[in-house]
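Quick notes on the structure that follows.
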Amino acid sequence: MTLTFIYGQTKRTSCDCPKTEFAGTKADTTFQLSNGKTIVLCGYKNPDSKPTTFSEFILSVCGQDTIIDFWGAVLTCRLKVKKDTLLVDELQNLPTGKSFKFQETVWTTEKIYFSGQKTIRKLVINRQIRKYNQNEIQSVLKTYETAKLGLDDSKMEIANKLFIATISGDKKARLYFKEFKNKFGTLDGAFAEEYSDLTAMLELWDKKE
């Protein structure tokens, strides 16, 4: 019965997003919170993702003419409701799998909830990301030390592995990660952007919460 009630209520409070330059106004997904608030999402649903992920979308509180925020095209997010809170997980493709396999990993979770009518947002880093053990760290350091000059995709994979080794607490990996930008040649284009993103992620990780 509860489900019928929730869907019925969603239909009754059928909501659209306010007009913005970021996305259309037709709600793609509706999130019903336990306190009676409804948040709607307008934007792009990644068709092949399971569970569903979204990019380039806005969130808005039902009945309000302003948006909570816009999440850009470079982001991949998964959203779920936990009681009176909407959780927005930002996913990053990182080498956290077995044998350094790249996999979608929750990097941050934004918690969106309400205090009275006020929308509260709190960003939390996923500090439970799988860390490397000593053998894995040594393997990453050796790969960096023996890699030949010249930038290509394999070098960017090393940068990603150095990033995980750094947040695993290894000081030499941190030094190598900083040196990386000048080690193999001048970073530009997509490679420069990727390294810049990893650097910003490391700065966020280093902030004491």
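Note that the structure is a prediction, hence the values are computed from the model and not measured.
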Indicate yes or no: at least one non-hydrogen side-chain atom of [X] is less than 4.5 angstrom from one of [Y].
| X | Y | value |
| --- | --- | --- |
| F177 | L202 | yes |
| I112 | T119 | yes |
| W205 | W107 | yes |
| L87 | E110 | no |
| V81 | Q32 | no |
| I39 | F114 | yes |
| T25 | C42 | no |
| I164 | E136 | no |

Kindly work out whether a path of hydrophobic side-chain contacts (I/L/V/M/F/W/Y, heavy atoms less than 4.5 Å apart) joins [X] to [Y].
| X | Y | result |
| --- | --- | --- |
| I120 | L123 | no |
| L91 | V74 | no |
| I137 | F102 | no |
| F22 | L59 | no |
| I125 | W71 | no |

Non-hydrogen atoms of [X] and [Y] that approach each other most closely:
| X | Y | answer |
| --- | --- | --- |
| L86 | K80 | CD1-O, 3.5 Å |
| P95 | Y132 | O-OH, 2.6 Å |
| E104 | T76 | OE2-CG2, 3.9 Å |
| A23 | G43 | CB-CA, 4.3 Å |
| I58 | P18 | CD1-O, 4.3 Å |
| G63 | C15 | N-SG, 3.8 Å |

Working to the nearest 0.5 angstrom, can you tell me the gap between [X] [atom1] and [Y] [atom2]?
| X | Y | atom1 | atom2 | result |
| --- | --- | --- | --- | --- |
| I67 | D69 | CD1 | CG | 6.0 Å |
| K183 | K155 | NZ | NZ | 10.0 Å |
| S139 | K161 | OG | NZ | 7.0 Å |
| T199 | K178 | OG1 | NZ | 10.0 Å |
| K26 | D16 | NZ | CG | 6.5 Å |
| N46 | F57 | CG | CZ | 10.0 Å |

side-chain hydrogen bond (donor to acceptor under 3.5 Å, both in side chains) pairs, two or more places apart, involving residues 164-175: R174-D206
Side chain K148, main chain T146, donor-acceptor under 3.5 Å: no
Passing candidate, ring-ring contact (aromatic ring centres under 6.0 Å, His included) with Y176, options Y144, F163, F184: Y144
Worked check of side chain to side chain contact (heavy atoms under 4.5 Å, CB included) between M201 and I167: CA-CA 10 Å; M201 286 164 68; I167 67 173; over 6 Å; no
Aromatic ring pairing F54/F31, orientation class (parallel under 30°, perpendicular over 60°, tilted between): perpendicular
Given L79, L41, I68, L75, the one that forms side chain to side chain contact (heavy atoms under 4.5 Å, CB included) with V88: L79
Side chain to side chain donor-acceptor pair (under 3.5 Å) partners for E157, two or more places apart: none
V106 and E90: CA distance, side-chain angles, deciding distance, side chain to side chain contact (heavy atoms under 4.5 Å, CB included) verdict: CA-CA 6 Å; V106 175; E90 184 195 321; over 6 Å; no
Polar contact flag, side-chain donor to acceptor under 3.5 angstrom, D152-S154: yes
L187 vs M156, side chain to side chain contact (heavy atoms under 4.5 Å, CB included): CA-CA, chis, key distance, verdict: CA-CA 10 Å; L187 283 168; M156 295 316 294; 4.2 Å; yes
Stepwise side chain to side chain contact (heavy atoms under 4.5 Å, CB included) check, L33 with Y113: CA-CA 9 Å; L33 307 187; Y113 55 98; 6.0 Å; no
Sole residue of T109, T53, T105 in side-chain hydrogen bond (donor to acceptor under 3.5 Å, both in side chains) with D89: T109
E145 atom CD: more than 12 heavy-atom contacts under 6.0 Å: yes
